[in-house]
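So the structure is just underneath, and the comments pick up after that.
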Amino acid sequence: MNWELIKHKFCRLVVTASLLLGGVMVSAAASGTMPLWAALLGLFAAVVMLNAACGILLGTPAAEPRRAVPARTSRPAVQLCVVRGGHAA
């Protein structure tokens, strides 16, 4: 398998796990078994850690080397003449 594909799948797994954990913390805060400030702090920490982990794993793609563009050569203007049949040659 491709290393890039593995990193993307792992990041998707981490995102899904953090969303499930966030849902558990919100429902725990709603039911009163967890203080609201702790749930908000936990959600903030999860977002920061998720951003750091996936930012390090995925990073920025390597820039492709720029290809040299060939220089434009100026071509001399061609004079067209009308020949037999009325078409330019």
Side-chain angles (χ1 to χ4, degrees):
M1 283 181 67
N2 188 357
W3 177 245
E4 294 295 320
L5 179 67
I6 293 171
K7 288 193 298 187
H8 282 279
K9 293 292 184 184
F10 180 72
C11 282
R12 290 182 76 182
L13 177 71
V14 170
V15 167
T16 304
S18 69
L19 286 174
L20 289 173
L21 180 64
V24 168
M25 286 195 299
V26 167
S27 65
S31 68
T33 58
M34 181 180 205
L36 180 63
W37 63 269
L40 291 176
L41 185 66
L43 288 173
F44 178 73
V47 168
V48 169
M49 292 302 291
L50 179 67
N51 189 16
C54 287
I56 290 170
L57 278 178
L58 298 179
T60 56
E64 294 182 15
R66 300 187 90 187
R67 296 182 183 170
V69 178
R72 296 189 183 258
T73 58
S74 60
R75 296 183 182 169
V78 177
Q79 294 290 336
L80 297 178
C81 310
V82 177
V83 294
R84 270 177 28 160
H87 298 286

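Residue numbers run from 1 in the order of the sequence given.
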Check: Is there a side-chain contact between Asn2 and Ile6, using heavy atoms and a 4.5 Å cut-off?
Finding: no
Notebook entry, point to check: Under the side-chain hydrogen bond (donor to acceptor under 3.5 Å, both in side chains) rule, what pairs show up with a residue in residues 33-54, not counting sequence neighbours?
Noted result: Ser31-Thr33
Margin query: On a heavy-atom basis, which atom in Ser18 and which in Leu50 lie closest, and how many Å separate them?
Written below: OG-CD2, 3.6 Å
Note to self: Is the shortest side-chain heavy-atom distance between Phe44 and Leu40 below 4.5 Å?
What the structure shows: no
Next item on the list: Taking the side chain as every heavy atom from C-beta outward, state whether Leu5 and Lys9 have any pair of such atoms under 4.5 Å apart.
Entry: yes
Next item on the list: Determine the minimum heavy-atom distance between Met25 and Ala39, stating which atoms define it.
Entry: O-CB, 3.8 Å
Check: Which heavy atom in Leu43 sits nearest to a heavy atom in Gly22, and how many Å separate them?
Finding: CD2-CA, 3.3 Å
Checklist line | Phe10 with Val15, same ILVMFWY side-chain cluster at under 4.5 Å | finding: yes
